[in-house]
J.: 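Structure in structure tokens, see below.
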Amino acid sequence: MKHVPALAWQGFNQLLWPAVCDICNEAICDTDRHLCPKCWSELLTCAAGDYCPRCGRDASRYGLVGGACGACQNEEIHFDGIARVGVYADALQRMILAFKHDHSELAAALAPLADAALQGSSFGDDVDLLVPVPLHWTRRLRRGYNQSHLLARRLHHSRARISTDLVRARRTHAQPQMATPAARARNVAGAFVVRDKHDFGGKAVCLVDDIKTSGATLNECAKTLKEAGAVKVYALVLAVAGQKML
Ligand SMILES: [Zn+2]
Ligand SMILES: [Zn+2]
């Protein structure tokens, strides 16, 4: 019976400030779940499906040659593997956009999906350090938080700890949609540095980010971490953009 006052208080709160789905604004009764049942099921659909363990694009595991899909066969990739929650579309896209813009509490709903993706990958157990892809400090100041860092903090890894010793030393332009891969790579070239007292030497590192678009940012981060001595660099992202199979 001792839970009754708490429940009554929750019910009272609900009357005054009914909880709504973070994606579609439908009223929901459980404030911890963030989404209505329809959006949860749409989200889980986005998170289903096989993908290439090298680049994260949709790919059947039977279509891989030497661990790479047709789309990334000739791509230069500096990270050693990627785990993703899903494709950047539909409910997952709306949720990530909300997460990036004011709904930092969505980290609690997104982290279990990211945890599952990491555990399902071949490198999940091999990670020593989780490294959120850094924002330039001016952008973090404007937004109030780094969404990748919030996500990393919510992950339940048995032994990896978070390192923030990778920093963005200069501002980069938003990666233009139509730019060539070379232009995107130029945009982020030399943008990241490691702090003096970092301990990346000999470590297996997993970058954490919300979206992989062209992969130029993850590539540049991986290159920087390997120059600093990391032996392996993996990536964990919520979504891979623009790769939906037609
Ligand atoms: Zn909804
Ligand atoms: Zn691939």
Side-chain angles (χ1 to χ4, degrees), residues 22 34 47 56 78-79 81-86 88 92-119 121 123-124 126-175 188 191-200 203-213 215-226 228 230 232-241:
D22 280 322
H34 296 284
H78 293 282
F79 43 93
I82 187 166
R84 72 164 208 206
V85 170
Y88 191 58
L92 185 56
Q93 177 173 4
R94 291 197 292 277
M95 202 163 166
I96 293 172
L97 284 172
F99 176 44
K100 263 173 119 116
H101 300 109
D102 293 339
H103 285 278
S104 59
E105 74 281 3
L106 279 175
L110 288 162
L113 300 172
D115 267 332
L118 188 59
Q119 278 160 24
S121 72
F123 55 83
D126 183 34
V127 175
D128 303 308
L129 295 172
L130 296 165
V131 175
V133 169
L135 296 177
H136 191 258
W137 67 270
T138 53
R139 184 163 295 176
R140 192 182 58 236
L141 205 63
R142 211 174 45 212
R143 189 175 294 168
Y145 57 94
N146 174 359
Q147 70 278 10
S148 303
H149 192 189
L150 287 189
L151 181 67
R153 270 177 28 199
R154 291 276 187 166
L155 296 174
H156 289 102
H157 195 277
S158 55
R159 63 186 177 89
R161 57 178 184 80
I162 295 177
S163 166
T164 53
D165 286 341
L166 178 71
V167 293
R168 198 181 285 246
R170 69 171 171 81
R171 287 202 63 160
T172 48
H173 303 288
Q175 295 282 42
V188 290
F192 300 93
V193 295
V194 294
R195 292 189 212 273
D196 282 346
K197 288 187 178 156
H198 72 84
D199 64 345
F200 294 125
K203 299 280 172 43
V205 177
C206 183
L207 291 160
V208 179
D209 209 358
D210 51 356
I211 312 168
K212 173 196 175 235
T213 323
T217 302
L218 290 173
N219 246 353
E220 189 65 23
C221 288
K223 224 196 285 184
T224 307
L225 289 168
K226 285 189 173 173
K232 291 281 182 189
V233 179
Y234 305 103
L236 169 66
V237 297
L238 293 173
V240 172

J.: Just say parallel, tilted or perpendicular for the rings of Phe99 and Tyr145, cut-offs at 30° and 60°.
T.: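 Rings of Phe99 and Tyr145: tilted, 30 to 60°.
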J.: Nearest 0.5 Å please: distance from the CG atom of Leu236 over to the CG atom of Leu151.
T.: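 With rounding to 0.5 Å, CG (Leu236) is 6.5 Å from CG (Leu151).
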J.: Look at the side chain of Arg154 and the backbone N and O of Ala111, then say whether any donor-acceptor pair between them is shorter than 3.5 Å.
T.: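 Between the backbone of Ala111 and the side chain of Arg154 there is no qualifying donor-acceptor contact (under 3.5 Å).
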J.: Report the distance from atom NE2 of His101 to atom CD of Gln147, rounding to the nearest 0.5 Å.
T.: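 Here the rounded value is 8.0 Å.
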J.: Any idea which heavy atoms bring Ala191 and Glu220 closest together, and the distance?
T.: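 Shortest heavy-atom contact: N-OE2, 4.4 Å.
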J.: Minimum heavy-atom separation for Phe123 to Cys206, with atom names?
T.: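 Looking at all heavy atoms of both residues, the shortest contact is CE1-SG, 4.2 Å.
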J.: Working to the nearest 0.5 Å, report the span between CD of Gln119 and NE2 of His157.
T.: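 Reported to 0.5 Å precision, the distance equals 8.0 Å.
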J.: Look up atom OG in Ser104 and atom CG in Asn146, then write down how far apart they are to the nearest 0.5 Å.
T.: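 Separation between the atoms: 12.0 Å.
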J.: Measuring from Phe192:CZ to Thr172:OG1, what's the distance to the nearest 0.5 Å?
T.: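 Rounded to the nearest 0.5 Å, the CZ-OG1 separation comes out at 6.5 Å.
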J.: Nearest heavy-atom pair of Gly124 and Ser121: which atoms, and what distance?
T.: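 Here Gly124 and Ser121 meet closest at N-OG, 3.1 Å.
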J.: Between Asp199 and Arg161, does any side-chain N to carboxylate O distance fall below 4.0 Å?
T.: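 A salt bridge is present here (some side-chain N lies under 4.0 Å from a carboxylate O).
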J.: Is a donor from one side chain sitting under 3.5 angstrom from an acceptor on the other, for His34 and Asp22?
T.: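 Yes, a side-chain donor-acceptor pair sits under 3.5 Å.
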J.: Indicate yes or no for a side-chain donor-acceptor contact from His198 to the backbone of Val194 under 3.5 Å, with no hydrogens or angles considered.
T.: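 The answer is no, because no donor-acceptor pair under 3.5 Å joins these two groups.
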J.: What are the two closest heavy atoms between Ala241 and Ile211, and how far apart are they?
T.: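 Between these two residues, the closest heavy atoms are CB-CG2, 3.9 Å.
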J.: Would you name the heavy atoms of Asp126 and Ala204 that are closest together and state the gap between them?
T.: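 Asp126 and Ala204 have their closest heavy atoms at O-CB, 2.9 Å.
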J.: For Lys203, is there an ion pair with Asp128 - N to carboxylate O distance below 4.0 angstrom?
T.: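 Judged by the 4.0 Å cut-off on N to carboxylate O distance, Asp128 and Lys203 do not form a salt bridge.
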J.: Which residues pass the salt bridge (Lys or Arg N to Asp or Glu O under 4.0 Å) test with Lys232, not counting sequence neighbours?
T.: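 With neighbours one apart ignored, the set is empty.
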J.: Taking atom OG1 of Thr138 and atom CZ of Arg171, what is their separation to the nearest 0.5 Å?
T.: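 Here the rounded value is 4.0 Å.
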J.: Using the salt bridge (charged side-chain N to carboxylate O under 4.0 Å, His left out) rule, collect all pairs that involve residues 97-107, keeping only residues at least two apart or in two chains.
T.: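 Applying salt bridge (charged side-chain N to carboxylate O under 4.0 Å, His left out) to every pair that reaches into residues 97-107, excluding sequence neighbours, yields Lys100-Asp210.
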